[in-house]
Amino acid sequence: MARLNDQVQALLEEYADLLTIIGGDAFRARAYEKSARAIGGWPTDLAAMDPKDILEIPGVGKSTVGKIDEVRRTGTLEAVEKLRAKIPPGVRAMMKVPGLGPKRALTLHQDLGVSSVDELRAAAEAGRLHDLPGFGGRTEENILHGLAVLHAAAGRADLGTATSLAEEVTATLRDVPGCLRCEWAGSLRRLRESVGDLDVLAAAHDSAPLTEAFVALPAVAEVIVSGPTKTSVRTAAGLQIDLRVVAPEAWGAAMVYFTGSKAHNIKLRTRAVRAGLKLSEYGLFDNETGATVASATEEDVYAALGLAWIPPTLREDLGEVEAAAAGELPVLVTERGLRGDLHTHTDLTDGVASLEDMLAAAKARGYAYYAVTDHAPDLVMQRMTDEKMLAQRARLRELAGGYGRMRLLHGTELNIGPNGSVDWPAEFLAGFDVCVASVHSHFGADRATQTRRLIRACENPHVHVIGHPSARRVGRRAPIDVDWPAVFAAAARTGTALEINGAPGRMDLNDEHVRAARSAGVRFSIDSDAHSTVQLANPRFGVGTAQRAWLGPDDVINTWPWQKLKRFLTKPDLPAGQA
DNA sequence: GCCGTTTTCGGCCCGACTGTTTTCAGTCG
């Protein structure tokens, strides 16, 4: 792991989980959860901080400072090690099954001797669960369903996890003597919403030093295969990483080949064959003479095939090769093109950073505008009140002008109730500069209800953006059941933007939905949903989704200049009775 | 364990939903 912060966060989260499983003081476990979040979201590397400064992090006290020091010195926590001896790691892993929490996980372990997800599946399929105390037929069914949801994402990593791992691996390998280049390729480079394995490519004349450094990485738990050109390892978290070492003159062809997708590569190879050429990971060759036509850079390879260079996010054989041949590749939205963020939180609700810290971090990103959108009162656990919201607005107005050219917007993230209503009456909503409205409850309602619910939210004249519209959590919760074409039509008709939420655990809407929505005339907002300053970088992943759906700057409202966005945030009048 | 103070203790995220119960435990957001 790149930062001590992440290492400490992971250990504290594990400690909190283990404490929850064995029972006892729930507040202690919660305190560790909170400090874990605060540390993970803290922008400065703990390794470079004084203990007295670490103590200033909200939620971090003396005990945690001691544990941070222990992790720094020993790489682990004795308290966690002791609990691991009592509770097998598989028991904690069972808590990832939706619907299964710490209590039932412990019961399963103690009464049935089940101590892994696999054993749980076997027990559930054999019908051994429904006789346990507190379990029944429905519980067993729900656990089986939860296992299926989990299985759909098994062994896959979210973009945040995969990116930080890829950054760590490439940074280490670039420092190895003889390494000329090192980049990641594969589905991570194409910015798919989750990745099954990590492909890392390095250019060197001698692969041995790279291979040696690669298998010695702290994240590596197991070496699967290792040879002169290819080495595969598995991390403790179960993610496979493949390292390929290629000659520098083959770099471009290798990057094309290992970036994929498979369908894109097949299309390119077919195109090559028709031109009397052969494309492989080693280069583009003339069939008759065997001479190398191109291989050093991706641009060379594409050009020799009569194509403009194709951005990795488009390489899915969804028309990009034809477009490149015709010189009609789309102009894509980019991270640099984003002028602001319209969905962010502070510590007034469940964020971990103060308003001032979030604003300073947003300014550092060069934004022209920035919306603070803390949770609204219907999400009861956040304890929002009118007074707190108005006080935040007053503070934000005081701070206006203090962040250079960055315009400060006061917003909120409303909750879309089961019938499509939102928090607060219209008069109160009118006081916000921007309102995001999202589904946070009643995920199991039927399609007609969910569809009506989202359409009614779109029709609310004070709702500007529907946040994380499908409400799915990658690998954790299925999307709500919705008639999407009907919702896309309503969003387009009412001038309501749909969010592309870039939080790695959400990635919502996904690329397929965005493609369909765009053709229905919908506009989008690419947001971070940041709960800490470091999460303000989340839009990089949302931009990936947007590019995969071929979105250009015009499709994305937060690439627009403020005056144009301001007009969008004033929704057109709707026929009476629809609002 | 952390925090704030009515400051060295006592409170800390609360309500809904589900499925199991027959008055409530577990899970979730």
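Each chain gets a letter, A, B and so on, in the order the sequences are listed, and its residues count up from 1. As the structure is a prediction and not an experimental result, all values here were calculated from the model.
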Please produce a list of atom pairs where a protein N or O lies less than 3.5 Å from an N or O of nucleotides 25-29 of chain B.
unit_1	atom_1	unit_2	atom_2	d
B/dT27	OP1	A/G101	N	2.6
B/dT27	OP1	A/G101	O	3.1
B/dT27	OP1	A/R104	N	3.1
B/dT27	OP2	A/P102	N	3.4
B/dT27	OP2	A/K103	N	3.0
B/dT27	O5'	A/G101	N	3.3
B/dC28	OP1	A/G99	N	2.7
B/dG29	OP1	A/R477	NH1	2.5
B/dG29	O3'	A/H440	O	3.2

key: Check: A/H531/A/D350 side-chain N/O donor and acceptor closer than 3.5 Å   = yes

task = Nearest whole angstrom, please: distance from the P of B/dG1 to the CD1 of A/I57.
result = 18 Å

B/dG15 to B/dT6 separation - C1' atoms, rounded to the nearest Å = 29 Å

request  = Check salt bridge (charged side-chain N to carboxylate O under 4.0 Å, His left out) between A/R523 and all other residues, then give those that pass, not counting sequence neighbours.
outcome  = A/D554

ask   = Once you round it to whole Å, what is the distance between C1' of B/dC13 and CD of A/E33?
value = 12 Å

request  = Could you check how far NE2 of A/H130 sits from C1' of B/dG19, rounded to whole Å?
outcome  = 15 Å

A/E56 CD to B/dC2 C1', straight-line distance once rounded to whole Å = 14 Å

Distances under 3.5 Å between protein N/O atoms and the N/O atoms of nucleotides 5-11 of chain B, please, pair by pair.
none

request  = Please check if any side-chain donor atom of A/Q450 sits under 3.5 Å from a side-chain acceptor atom of A/R447, or the reverse.
outcome  = no

ask   = Once you round it to whole Å, what is the distance between C1' of B/dT21 and CZ of A/F135?
value = 15 Å

query = What integer distance in Å separates A/L55:CG from B/dC3:C1'?
reply = 12 Å

key: Between P of B/dC3 and CZ of A/R28, the distance in whole Å   = 15 Å

request  = Find out whether A/L399 and A/L359 are in side-chain contact, i.e. whether some heavy atom of one side chain is under 4.5 Å from a heavy atom of the other.
outcome  = yes

When the side chains of residues 47-59 of chain A are checked against the rest of the protein, which donor-acceptor pairs come out under 3.5 Å, sequence neighbours left out?
none

message = Rounding to an integer number of angstrom, what distance separates B/dC3 and B/dC13 when you compare their C1' atoms?
response = 15 Å

query = On a whole-Å scale, what distance lies between the P atoms belonging to B/dG26 and B/dT21?
reply = 12 Å

request  = Consider the side chain of A/R30, meaning its heavy atoms from C-beta on, and name the nucleotide among B/dC2, B/dC12, B/dC13 that approaches it most closely.
outcome  = B/dC13

inquiry  = I need the full list of ring pair (Phe, Tyr, Trp, His ring centres under 6.0 Å) pairs touching residues 107-141 of chain A, with sequence neighbours left out, sorted by first then second residue.
reply    = none

Rounded distance (Å) that lies between atom C1' of B/dC13 and atom CE of A/M384 = 14 Å

key: Inter-nucleotide C1' distance (B/dG1, B/dT8), Å rounded   = 15 Å

ask   = How would you label the contact of A/K62 with the nucleic acid (heavy atoms, under 4.0 Å): base, sugar-phosphate, or nothing?
value = sugar-phosphate

inquiry  = The criterion is ring pair (Phe, Tyr, Trp, His ring centres under 6.0 Å); which residues satisfy it with A/Y15, sequence neighbours excluded?
reply    = A/Y32

May I have the list of side-chain donor-acceptor pairs in residues 88-95 of chain A shorter than 3.5 Å, sequence neighbours left out?
unit_1	atom_1	unit_2	atom_2	d
A/R92	NE	A/D17	OD2	2.8
A/R92	NH2	A/D17	OD2	3.2

query = With sequence neighbours left out, what residues match A/R472 under side-chain hydrogen bond (donor to acceptor under 3.5 Å, both in side chains)?
reply = A/E193

message = Using a 4.0 Å heavy-atom cut-off, does A/G137 contact any base of the nucleic acid, only the sugar-phosphate backbone, or nothing at all?
response = sugar-phosphate

Spacing of the C1' atoms in B/dT27 and B/dT20 (rounded, Å) = 13 Å

task = Would you indicate what A/P58 reaches in the nucleic acid, counting non-hydrogen atoms under 4.0 angstrom: base, sugar-phosphate, or nothing?
result = sugar-phosphate

inquiry  = Base, sugar-phosphate or nothing for A/Y32? Non-hydrogen atoms, less than 4.0 Å.
reply    = sugar-phosphate

task = Give a yes-or-no answer on whether the side chains of A/D374 and A/T349 include a donor-acceptor pair shorter than 3.5 Å.
result = yes

request  = Applying ring pair (Phe, Tyr, Trp, His ring centres under 6.0 Å), name anything that partners A/H513, two or more places apart in sequence or on another chain.
outcome  = A/W484

request  = With sequence neighbours excluded, tell me which residues meet ring pair (Phe, Tyr, Trp, His ring centres under 6.0 Å) with A/F432.
outcome  = A/H410, A/W424, A/F428

query = Which of these nucleotides, B/dC12, B/dG19, B/dC14, is closest to any side-chain atom of A/R383?
reply = B/dC14

key: Distance between P atoms of B/dG11 and B/dT5 (Å, rounded)   = 15 Å

message = With a 3.5 Å limit on both atom pairs, tell me what B/dT27 is paired to, counting Watson-Crick and G-U wobble, or say none.
response = B/dA16

ask   = Are OP1 or OP2 of B/dT20 and a side-chain N or O of A/T139 less than 4.0 angstrom apart?
value = yes

key: With A/H375 via ring pair (Phe, Tyr, Trp, His ring centres under 6.0 Å) - residues at least two apart   = A/H345, A/H440

ask   = Taking DNA chain B as the partner, which of residues 66-77 of chain A come within under 4.0 angstrom of it by heavy atom?
value = none

key: Donor-acceptor under 3.5 Å (A/K388 side chain, A/R383 main chain)   = yes

task = With the side chain of A/T64 defined as its heavy atoms from C-beta on, choose the nearest nucleotide among B/dC13, B/dT20, B/dC2.
result = B/dC2

task = Give a yes/no on whether any side-chain N or O of A/N142 is located under 4.0 angstrom from OP1 or OP2 of B/dT18.
result = no

inquiry  = For a quick test of reading the model: is some side-chain N or O of A/H442 closer than 4.0 Å to OP1 or OP2 of B/dA16?
reply    = no

